[in-house]
Amino acid sequence: MASKILRVVLIIVLFIVFFELGLFSSYTIVTAEAPNIQGLMDMQISKIQEIFSPEKVNEALIKDPTPINITNKKDVALKMESLSKVDGVNVDSMNITTFDDTDNKNLTVNIEALGYASPNSTKGQIIISQDPSYKVIATGEASYKENGIRVDENTIVITSILKLY
């Protein structure tokens, strides 16, 4: 029994030794310099520690976002329109979610909505399309007010604008 455990430990140690030798030799080939052994070891240890950090574990175990209803959709749409430089944001397509606990007074919300581009003019004709041209994604801070959840328009930040084809 002890010899089997000793063999497994020996195989693991040999694997680590060959991995490290391969890392050092590839570093030498790529950079044409002698490897900084302490720096490479510190980098590996920090990367392994990052994998097992509490933040990473929480991200892996995170639940689906909770959809919420807000009372100021039109104001939020106007702010998203001005920040993203699109010609319109569809309030009906707006999707507001949060990963925060909805029992908290303040929430960080993710806002997704479809955006429209200006009409295209081709040879004097104006072509107006009812199809959205963009998907606008933003984040903001929301809080409970007397009549429901309200997003503070001053905290809205556009995180991405995706062109739809």
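Heavy-atom basis, side chains included; hydrogens, waters and symmetry copies ignored. Index from 1, following the sequence.
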Enquirer: Looking only at heavy atoms, what is the nearest atom pair of F24 and M41, with distance?
Expert: CZ-SD, 4.4 Å

Enquirer: How far apart are the closest heavy atoms of V109 and V151, and which atoms are they?
Expert: CG2-CG2, 4.1 Å

Enquirer: Restricting to non-hydrogen atoms, name the atom on D100 and the atom on T108 that form the minimum distance, rounded to 0.1 Å.
Expert: OD2-N, 2.7 Å

Enquirer: For the CZ atom of R150 and the OG1 atom of T71, what is their distance to the nearest 0.5 Å?
Expert: 5.5 Å

Enquirer: Kindly work out whether a path of hydrophobic side-chain contacts (I/L/V/M/F/W/Y, heavy atoms less than 4.5 Å apart) joins Y27 to M43.
Expert: yes

Enquirer: Between CG of L107 and CD1 of I70, what distance do you get to the nearest 0.5 Å?
Expert: 11.5 Å

Enquirer: Atom OG of S26 and atom CG of L21: how far apart are they, to the nearest 0.5 Å?
Expert: 10.5 Å

Enquirer: For M80 and I111, which heavy atoms make the closest approach, and how far apart are they?
Expert: SD-CG2, 3.5 Å

Enquirer: State yes or no: do Y144 and I156 share one hydrophobic cluster built from I, L, V, M, F, W and Y residues joined by side-chain heavy-atom distances below 4.5 Å, directly or via other members?
Expert: yes

Enquirer: Any idea which heavy atoms bring V86 and G115 closest together, and the distance?
Expert: CG2-CA, 4.5 Å

Enquirer: How long is the gap from CG on N154 to NZ on K79, to the nearest 0.5 Å?
Expert: 5.5 Å

Enquirer: Using residues 1-18 as the side-chain source, report each donor-acceptor pair under 3.5 Å to any protein atom, sequence neighbours left out, with the distance given to one decimal.
Expert:
none

Enquirer: Taking atom NZ as the centre, does K163 end up with more than 12 heavy-atom neighbours from other residues, nucleotides or ligands that are less than 6.0 angstrom away?
Expert: yes

Enquirer: Determine, stepwise, if the pair L23 / Q44 fulfils side-chain contact (heavy atoms from CB on, under 4.5 Å).
Expert: CA-CA 11 Å; L23 178 70; Q44 290 176 46; 2.6 Å; yes

Enquirer: D42: which residues meet the side chain to side chain donor-acceptor pair (under 3.5 Å) condition with it, sequence neighbours left out?
Expert: Q38

Enquirer: Measure the CG-NZ distance between D75 and K73 for me, rounded to the nearest 0.5 Å.
Expert: 13.0 Å

Enquirer: Please list, one pair per line, the donor and acceptor atoms closer than 3.5 Å that link side chains of residues 88-97 to other protein atoms, with sequence neighbours excluded.
Expert:
{"from": "N90", "atom 1": "OD1", "to": "D92", "atom 2": "N", "distance (Å)": "2.8"}
{"from": "N90", "atom 1": "OD1", "to": "S93", "atom 2": "N", "distance (Å)": "3.4"}
{"from": "N90", "atom 1": "ND2", "to": "Y116", "atom 2": "OH", "distance (Å)": "3.2"}
{"from": "S93", "atom 1": "OG", "to": "N90", "atom 2": "O", "distance (Å)": "3.0"}
{"from": "S93", "atom 1": "OG", "to": "L114", "atom 2": "N", "distance (Å)": "3.0"}

Enquirer: Let me confirm one number: the CD1-OG distance from I137 to S84, rounded to the nearest 0.5 Å.
Expert: 11.5 Å

Enquirer: Check N69 against I149 and note the closest heavy-atom contact, atom names and distance.
Expert: O-CB, 3.7 Å

Enquirer: Could you please spell out the steps behind the side-chain contact (heavy atoms from CB on, under 4.5 Å) verdict for I161 and K85?
Expert: CA-CA 10 Å; I161 302 172; K85 308 268 191 290; over 6 Å; no

